[in-house]
Amino acid sequence: PDAAGDYAGVMLFDRRHQQGMTTTTLSVANMTCMKCVTRVDHALSGLAGVEAVDVDLRAGLARIRHAANLPIAALSERLAAAGYPARLAS
């Protein structure tokens, strides 16, 4: 660590890791149970460029942390193919 107690290499890695990422929240239809949540999670997690997925059954939302160059349409198309139509949450 430096004089401030920071690990410069870790901070540099963290900044690079965050660069080029964004979070999108989709409203997901047809989710009625925890099995649906798992299916939505797996459908999105399997998409190249997706880093993290958080699915909220009660709110009917999926929050996806993904590469900024991954089109939102790719996320919603992936969910529609799995039987869960989605749109950008308002």
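Residue numbers start at 1 and run along the sequence shown. All heavy atoms count here, side chains included; hydrogens, waters and symmetry mates do not.
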Worksheet, complete the sentence: Scanning both residues in full, the closest heavy-atom pair of Ser45 with Val50 reads CA-CG1, 4.2 Å
Item to complete: Check salt bridge (charged side-chain N to carboxylate O under 4.0 Å, His left out) between Asp54 and all other residues, then give those that pass, not counting sequence neighbours.
Response: Arg63
Worksheet item: For Met31 and Cys36, which heavy atoms make the closest approach, and how far apart are they?
Response: CA-CB, 3.8 Å
Item to complete: Take Leu88 and Ser27 through the side-chain contact (heavy atoms from CB on, under 4.5 Å) test and state the conclusion after the steps.
Response: CA-CA 6 Å; Leu88 199 56; Ser27 177; over 6 Å; no
Fill in: N/O donor-acceptor pair under 3.5 Å between Arg78 side chain and Ala43 backbone
yes
Fill in: Transitive ILVMFWY side-chain link Val37 to Ile64, under 4.5 Å
yes
Item to complete: Decide yes or no for Val28 and Val55: does some side-chain heavy atom of the first lie under 4.5 Å from some side-chain heavy atom of the second?
Response: no
Practice prompt. Could you state whether Ile72 and Leu79 fall into the same hydrophobic cluster, counting links through intermediate Ile, Leu, Val, Met, Phe, Trp or Tyr residues with side-chain heavy atoms under 4.5 angstrom apart?
Written response: yes
Worksheet item: Would a 4.5 Å heavy-atom cut-off, applied to side chains only, mark Thr22 and His66 as touching?
Response: yes
Worksheet, complete the sentence: In terms of heavy-atom contacts, Pro85 and Asn30 come closest through CD-ND2, 3.3 Å
Fill in: Minimum heavy-atom distance between Ala89 and Leu61, given as atom pair plus value
CB-CD2, 3.9 Å
Fill in: By side chain to side chain donor-acceptor pair (under 3.5 Å) - contacts of Asp56 (at least two apart)
none
Discussion item. Return the CG to CG distance between Leu47 and Leu75, rounded to the nearest 0.5 Å.
Written reply: 6.0 Å
Item to complete: State plainly whether one hydrophobic cluster holds both Leu57 and Tyr84, where clusters connect Ile, Leu, Val, Met, Phe, Trp and Tyr through side-chain heavy atoms under 4.5 angstrom apart.
Response: yes
